[in-house]
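Quick notes on the structure that follows.
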Amino acid sequence: MGEKYDYIIVGGGSAGCALANRLSADPSNEVLVLEAGRRDWKWDVFIHMPAALTYPIGWRFYDWKYESEPEPFMGGRKVYHARGKVLGGSSSINGMIFQRGNPMDFDRWSAEFDGLEGWDYAHCLPYFKRMENRLVGGDEWRGDDGPLAMETGPATNPLFQAWLEAGPQAGYELTDDVNGFRQEGFSAFDKNMVRGRRLSAARAYLHPVLNRPNLTLKTLAQVDKIQFEGNRAVGVEYRRGRRTHVAKGTEIISCGGAFNSPQLLQLSGVGDRAHLESLGIPVVADVPGVGENLQDHLEVYIQYACKKPVSMQPYMATWRMPLIGLQWLARRGPAATNHFEAGAFVRSNEEVDYPNLMFHFLPVAVRYDGSSPTEGHGYQVHVGPMYSDVRGSVRIKSTDPKEKPAVQFNYLSTGNDRKEWIEAVRTARRILTQPAFDEYNGGEVSPGPSVETDEEILEWVATDAETALHPSCTCRMGVDDMAVVHPDTMRVHGVEGLRVVDASVMPNVSNGNIYAPTMMIAERAADIILGEELLPPDHVEVYRAPAS
């Protein structure tokens, strides 16, 4: 008969860890978590040391190493896409930046998609607050006693101070908290870390409750297929080592993220009928929206040389690493931060109602792979449009669960996206050449003075841009023909006993890093699945830009 559980959670990533905690709080619920990656061992410095975040990305030990299909508007480039191959999922290898998105993101969900009236900001806010433990204190917008602790800033490096001064000089305002009353403006950022150590979803939600007798965790467990009896999901087939196992469950909850949730549904016979039949997969439910509506954030690095020796560049030298590591053991020094300590959200034009550009400022010039464009001191901003109208897809290529699906983003494919990219680069340059940077500005290193016209900017973006690692929306909530998940139940349309809870259910990608809204969705979904009364809406005032 195999194993039997009340809830089988497929994926021990961000959403899966939160669900495991909440669903297993009732000792009568038997909960199984199946994670394809390995354990996030406490001694693994490349996970837990914040400044070591460049090491896991691109390393097969930590990263599933996805890449897109050739992108038609980027010269046929395949865009590399890291995904966490470890308990905690991408929250164990990401940049640790905590951003909810703009309140109007969620109001758009409610207004633009049938059935999502209960997903506006007022209804989402109580779940944001429930999960948060903002160490500098809570208020009517922020929580301070949840499992997800976060530090803010401190952004004391002189280059951060120049950044925060340059914003007002360029005509923008400061804000106290981009996750509070006002997102728009320049500010220090929240980080998912405590005393110089990463706080992943696994460390915040799962590890504290792993001693519960009704909670079972299995890592290195690759789920290949959902089993159905008729149109009801009744279990999963998973591989561990060379053996295939079967686990039976009353409820199957896919938490695989924007790539793996649609992949698992399609492999199991839930998806577009024509696509499944072309691969010889028996159709359990014709749900054409599975794998469609893929969204992401693309970004570039605008990098400058620094005339003064105040950047973090020297600390990247190999010979310094032993000392830096020793300092980190005492929870101090340059390894005890992710260095994404400040940034901004701004509007690039007067046609948008709220910020469409996000900036992350770094007091060092470096790429995610650790490479640097300059041997001396430098600094940079990451920038890209936040709610692009570009749409892509995730589609399996065969019946082999070990073969990665075809991921197509279609970056730069619309006129509005290209327009906002030109605005993004020009806005970044305008900010970085304000008087506040005069004493540091040693000249633009990337893209450099040879990139000036609109055409040159777009060509550089197509050649140099990288993903910000925010794939989402491929099993979106709604009640229309292309929706996959019902917003009131998180159940997949057309079947019973199967739900999806992760970033794939977003109807539109949020304005910012997507970890925080993914965790909010998981918190709310837990109450939905348990049949608990939802937290009452919290109607607070938020900043809205004056009409132009």
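- Aromatic pair F189/H360: ring centres closer than 6.0 Å.
- At distances below 3.5 Å, at least one donor-acceptor pair connects side-chain atoms of W163 with backbone N or O atoms of G343.
- Inspection of the D40 and H207 side chains reveals an N or O donor paired with an N or O acceptor under 3.5 Å.
- In terms of modelled atom types and a separation under 3.5 Å, the side chain of D63 and the main chain of R83 share a donor-acceptor contact.
- Qualifying side chain to side chain donor-acceptor pair (under 3.5 Å) partners for T156, counting only residues two or more places apart in sequence or in other chains: none.
- Ion pairing of E132 with R100 is present here, as a side-chain N (NZ or NE/NH1/NH2) and a carboxylate O approach within less than 4.0 Å.
- Put simply, the side chain of H493 never gets that close to the backbone of M482: no donor and acceptor are under 3.5 Å apart.
- Between R544 and D107 there is a salt bridge, with a side-chain nitrogen of the basic residue lying less than 4.0 Å from a carboxylate oxygen of the acidic one.
- A distance-only check finds no donor-acceptor pair linking the side chain of S24 to the backbone of V31 [under 3.5 Å].
- No donor-acceptor contact under 3.5 angstrom links the side chains of N416 and T414, judged on distance only.
- For R39 and W41, the positive end sits near the middle of the six-membered ring, less than 6.0 Å away and at most 45° from its axis.
- Between S254 and S261, the side chains place a donor N or O and an acceptor N or O closer than 3.5 Å (distance only, hydrogens not considered).
- L148 has its side chain within reach of N192: a pair of non-hydrogen atoms, C-beta onward, lies under 4.5 Å apart.
- In terms of modelled atom types and a separation under 3.5 Å, the side chain of D480 and the main chain of F113 share no donor-acceptor contact.
- Residues H470 and M386 are not in side-chain contact: their nearest non-hydrogen atoms beyond the backbone lie 4.5 Å or more apart.
- A donor-acceptor pair under 3.5 Å links the side-chain atoms of K191 to the main chain of G153, judged by distance alone.
- The aromatic rings of F361 and Y379 sit tilted, their planes meeting at an angle between 30° and 60°.
- Checked against a 6.0 Å centroid threshold, the rings of W109 and F106 count as neighbours.
- Comment: R491 engages E251 in a salt bridge, judged by a side-chain N to carboxylate O separation of less than 4.0 angstrom.
- Looking at heavy atoms from C-beta onward, Q295 lies in side-chain contact with N508 at the 4.5 angstrom threshold.
- W119 carries R524 over the face of its six-membered ring, with the cationic atom under 6.0 Å from the centre and within 45° of the normal.
- Taking the six-membered ring wherever Trp is involved, the centroid distance between the rings of W64 and F259 does not fall below 6.0 Å.
- Residues N338 and R198 have side chains that never bring a donor and an acceptor to within less than 3.5 angstrom of each other.
- Judged by distance alone, the side chain of Q99 and the main-chain N or O of N513 form a donor-acceptor pair under 3.5 Å.
- Using a 3.5 Å distance cut-off with no hydrogens or angles, the side chains of D105 and Y387 do not pair a donor with an acceptor.
- Residues R130 and D527 are paired through a salt bridge, judged by an N-O separation under 4.0 Å between the basic side chain and the carboxylate.
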